[in-house]
Amino acid sequence: MRKILKQNFFNRDTKIVAKDLLGKFIIRKIGGKEISAMITETEAYDGPQDLASHASKGRTKRTDIMFGHPGYFYVYLCYGMHYMLNVVVGKKDYPAAILIRGLDKAVGPGRVTKFIRIDKKFNGKIAIPKSNLCFEDRGVKIPKNKIKKTPRIGVDYSGPVWSKKNFRFVIKD
DNA sequence: ACGATGATGAAC
DNA sequence: TTCATCATCGTA
């Protein structure tokens, strides 16, 4: 019996969900085949005040998805060549999302989307079992002392407060 | 160390 | 309509 993560998994505190996603598997169905990999690195983008988050610009056509219901994907193009895969968390009207930065088979957010073949068509889609992109709990538990917290990558522009927050979560080793 | 490459948001 | 900027990566 497979345990695909339900929408309520994402309707919790951003940092808790970011930590809990470590050790979970991302499932990508292409045709009859399935690609899966364990999540090893995440980053939290939490709330309208977070200057590193696109949502700090307010509600725009781009950020609208982050203000919506949890469990939806936010995918956008960065540096003109890499798609970033995020999943929206928290209750409706509270803008927050988690960036999937690394898998056991692909390290770096641009490589992640290349590896599981994500593009902007996934923006606004929901992570449910029948979707061709969702998350699964395979019973892997990551003990607390195996989780490393660090500042987020590539967000120096967000100022001394937000760029220094330990919102990045990595499995050690 | 740096260039590729395009969507976004803000200013004009 | 134009402009600076960017949640990165591969090559050097």
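All values below were derived from every heavy atom in this structure, side-chain atoms included, with hydrogens, water molecules and symmetry-related copies excluded.
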Inset, instruction - Look at A:Tyr79 and B:dA7 and indicate whether a side-chain polar atom (N or O) is within less than 4.0 Å of OP1 or OP2. - result: no

Legend entry - Between A:Asn123 and A:Tyr72: side-chain donor-acceptor atoms closer than 3.5 Å: no

Legend entry - Base paired to B:dT5 (Watson-Crick or G-U; both N/O distances under 3.5 angstrom): none

Inset, instruction - For C:dA7, give its Watson-Crick or G-U wobble partner with both distances under 3.5 Å, or none. - result: none

Inset, instruction - Run the ring-centre check on A:Tyr74 versus A:Tyr45 and record whether the distance is less than 6.0 Å. - result: no

Legend entry - C:dA7 base stacked by A:Tyr45 (centroids within less than 5.5 Å, tilt under 30°): yes

Legend entry - Presence of A:Arg111 side-chain N/O under 4.0 Å of C:dG10 phosphate oxygens OP1/OP2: yes

Legend entry - Which nucleotide in B:dA4, B:dG9, C:dA7 has an atom nearest any side-chain atom of A:Asn86: C:dA7

Legend entry - Between B:dG3 (P) and A:His82 (NE2): distance, integer Å: 16 Å

Legend entry - Candidate nucleotides C:dC6, B:dG6, B:dA4, ranked by approach to the side chain of A:Met81 - the nearest: B:dA4

Legend entry - salt bridge (Lys or Arg N to Asp or Glu O under 4.0 Å) partner of A:Glu43, the single match among A:Lys165, A:Arg152, A:Lys19, A:Arg101: A:Arg101

Inset, instruction - Show the numbers, then the answer: is there a side chain to side chain contact (heavy atoms under 4.5 Å, CB included) between A:Lys149 and A:Phe169? - result: CA-CA 5 Å; A:Lys149 298 202 277 185; A:Phe169 304 93; 3.4 Å; yes

Inset, instruction - For the residue pair A:Phe10 and A:Phe135, categorise the inter-ring angle as parallel (less than 30°), tilted (30 to 60°) or perpendicular (more than 60°). - result: tilted

Legend entry - Presence of donor-acceptor pair under 3.5 Å, side chain of A:His54 and base of C:dA7: yes

Inset, instruction - Could you check A:Lys114 against A:Tyr157 and say which one's nearest nucleotide on DNA chain C is further toward the 5' end? - result: A:Tyr157

Inset, instruction - Send over the distance from A:Asp156 CG to C:dT8 P, rounded to a whole Å. - result: 10 Å

Inset, instruction - In whole angstrom, give the distance that lies between atom CG of A:Asp64 and atom P of B:dG9. - result: 11 Å

Inset, instruction - Tell me which nucleotide among C:dA7, B:dT8, B:dA10 gets nearest to the side chain of A:Arg62. - result: B:dT8

Inset, instruction - Mind calculating the distance between CE (A:Met66) and P (B:dT8) to the nearest angstrom? - result: 14 Å

Inset, instruction - Figure out the OH/C1' separation between A:Tyr74 and C:dC6, and round it to whole Å. - result: 11 Å

Inset, instruction - Take the protein atom CG of A:Leu99 and the nucleotide atom C1' of C:dC6, then report the distance between them rounded to whole Å. - result: 14 Å

Legend entry - Nearest-angstrom distance from the residue atom CG of A:Asn123 to P of B:dA7: 13 Å

Inset, instruction - Take the protein atom CZ of A:Arg59 and the nucleotide atom P of B:dT8, then report the distance between them rounded to whole Å. - result: 17 Å

Inset, instruction - Using a 4.0 Å heavy-atom cut-off across all strands, classify A:Ser158 as base, sugar-phosphate, or nothing. - result: nothing

Legend entry - Proximal nucleotide (of C:dA7, B:dA10, B:dA7) relative to the A:Leu77 side chain: B:dA7

